[in-house]
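First the proteins, then the strands, lettered A, B, ... as listed; each starts at 1. These numbers come from a predicted model, not from an experiment.
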Amino acid sequence: EAGVTQFPSHSVIEKGQTVTLRCDPISGHDNLYWYRRVMGKEIKFLLHFVKESKQDESGMPNNRFLAERTGGTYSTLKVQPAELEDSGVYFCASSQDREGLYYGYTFGSGTRLTVV
Amino acid sequence: AQSVTQPDIHITVSEGASLELRCNYSYGATPYLFWYVQSPGQGLQLLLKYFSGDTLVQGIKGFEAEFKRSQSSFNLRKPSVHWSDAAEYFCAVGRYSSASKIIFGSGTRLSIRP
């Protein structure tokens, strides 16, 4: 079984540019989550998809962040325009169960975003 | 507010020594508790989880954790660490609700002294 795949693994962009992160969850996992870790702090929830629908996007920092999950398969997270404080590691995870509590999450390796 | 606290940012232990990583949570109702590990260049991997029942749970790689409701703690332990255990460890908590999600602590980095 293939795991959760994220790319790119690293991205360095200038302030004001646009970056799109991609996540391919485990096949058959309806639930997909985005998290972010900034500078050694806690891993913070961004949003949760159930299939193609946004179940909870309470963690999205502001309207510069746009997440999509076309057809309920892969997901993209676009940051436009990027600001310095957006730097961090963006993790994607998927789960078999809705809440991710019974089976836990399977995480990708993350995308390290650096905004300069 | 729901929260997870890992009071130790960085711990160094000698190879072969015992290990305990601390985790305290504030979550109201009966929580679902997790420990994840992140090795360099890897994603987070689930070590173990607790839902109910026996408060001492066994996980992968020889780790165990004990749920203590009275102390709101879920500490991770290993009797004898190996150099390959050097990584960052995250405690996490969740509960069933209309907007379920897992909340993570800030992590504890473990270094192993040869």
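At most 12 non-hydrogen atoms from other residues, nucleotides or ligands lie less than 6.0 angstrom from CD1 of B:I9. Within 6.0 Å of CZ on A:R112 lie no more than 12 heavy atoms contributed by other residues, nucleotides or ligands. Shown here is A:K41, whose NZ atom has no more than 12 heavy atoms of other residues, nucleotides or ligands within 6.0 Å.
The hydrophobic clustering, which links ILVMFWY residues whose side-chain heavy atoms are closer than 4.5 Å, places A:F91 and B:F34 together. Note: the hydrophobic cluster containing B:V4 also contains B:L110 (ILVMFWY, side chain heavy atoms under 4.5 Å, direct or indirect links). Under a hydrophobic clustering in which Ile, Leu, Val, Met, Phe, Trp and Tyr are joined whenever their side-chain heavy atoms come within less than 4.5 Å, directly or via other members, A:I43 and A:L46 fall into different clusters. Using a 4.5 Å cut-off between side-chain heavy atoms of Ile, Leu, Val, Met, Phe, Trp and Tyr, with links allowed through other members, B:I102 and A:V38 fall into different hydrophobic clusters. One hydrophobic cluster, built from ILVMFWY side chains closer than 4.5 Å, holds both B:F74 and B:L47.
Between chain A and the residues B:Q6, B:Q45, B:E88, the largest count of heavy-atom pairs under 4.5 Å involves B:E88.
Looking at A:S9, neither its backbone nor its side chain comes within 4.5 Å of chain B, counting heavy atoms on both sides. For a residue to count as touching a neighbouring chain, one of its non-hydrogen atoms must lie under 4.5 Å from one of that chain's; by this rule A:R37 touches chain B with the side chain only.
The shortest heavy-atom contact between A:S58 and B:K101 is OG-NZ, 3.9 Å.
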Passes side-chain contact (heavy atoms from CB on, under 4.5 Å), B:I103 versus A:F45? Steps please.
CA-CA 7 Å; B:I103 295 175; A:F45 169 82; over 6 Å; no
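When the heavy atoms of residues 54-64 of chain B are compared with those of chain A, none of the residues falls under 4.5 Å.
The CD atom of A:E42 lies 13.0 Å from the SG atom of B:C91; values are rounded to the nearest 0.5 Å.
With A:Y35 as the partner, the ring pair (Phe, Tyr, Trp, His ring centres under 6.0 Å) test is satisfied by one option alone out of B:F104, B:F90, B:Y36: B:F104.
Side-chain contact between A:T106 and B:L44: absent, with no pair of heavy atoms (C-beta onward) separated by less than 4.5 Å.
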